[in-house]
Q: 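Before anything else, here's the structure in question.
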Amino acid sequence: YFGKVGMRNFHLIKHGKVIPAINVDRLWGLVSEQTRAYYKENTDKAPVIDVLKAGYMKVTGKGVLPEQPVIVKARYFTKEAEVKIKEAGGVCVLCA
């Protein structure tokens, strides 16, 4: 088949809308086991989990989060994830 078909898209960016996501139950997997044990004893401080450094952008709300406060930095949060993190005593921080 010859000829022109369809529309042209100048400067097409493939995979431009891909958002890698991580579930709430896998958040503590980004932190070492020693860090988790340290913050379990010292409850006056909370660990900062930067999801962007691990290669994820979005935190979704699947799974159960342990009852341990944590500060999560990400670009996007679902409503379920935000509720679960706040119920555990943590904070959601949006990063651009």
Q: Could you report the tightest heavy-atom contact between Ala46 and Tyr39, atom names first, then the distance?
A: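 Minimum heavy-atom contact is C-CE2, 3.9 Å.
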Q: Would you tabulate the side-chain donor-acceptor contacts of residues 48-59 under 3.5 Å, counting partners in other chains and residues two or more places apart, or write 'none'?
A:
| residue | atom | partner | partner atom | Å |
| --- | --- | --- | --- | --- |
| Asp50 | OD1 | Leu52 | N | 3.4 |

Q: Rounded at 0.5 Å granularity, tell me how far NZ in Lys84 sits from OG1 in Thr78.
A: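 The NZ atom of Lys84 sits 8.5 Å away from the OG1 atom of Thr78.
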Q: For residues 15-25, tabulate all N or O donor-acceptor pairs below 3.5 Å that involve a side-chain atom, not counting sequence neighbours.
A:
| residue | atom | partner | partner atom | Å |
| --- | --- | --- | --- | --- |
| Asn23 | OD1 | Thr60 | OG1 | 2.4 |

Q: For a 4.5 angstrom cut-off between non-hydrogen side-chain atoms, does Tyr76 reach Cys95?
A: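 No, their side chains stay 4.5 Å or more apart.
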Q: Let me check something: any side-chain donor-acceptor pairs from residues 62-75 under 3.5 Å, sequence neighbours excluded? List them with distances.
A:
| residue | atom | partner | partner atom | Å |
| --- | --- | --- | --- | --- |
| Gln68 | NE2 | Arg36 | O | 3.3 |
| Arg75 | NH2 | Ala96 | O | 3.4 |

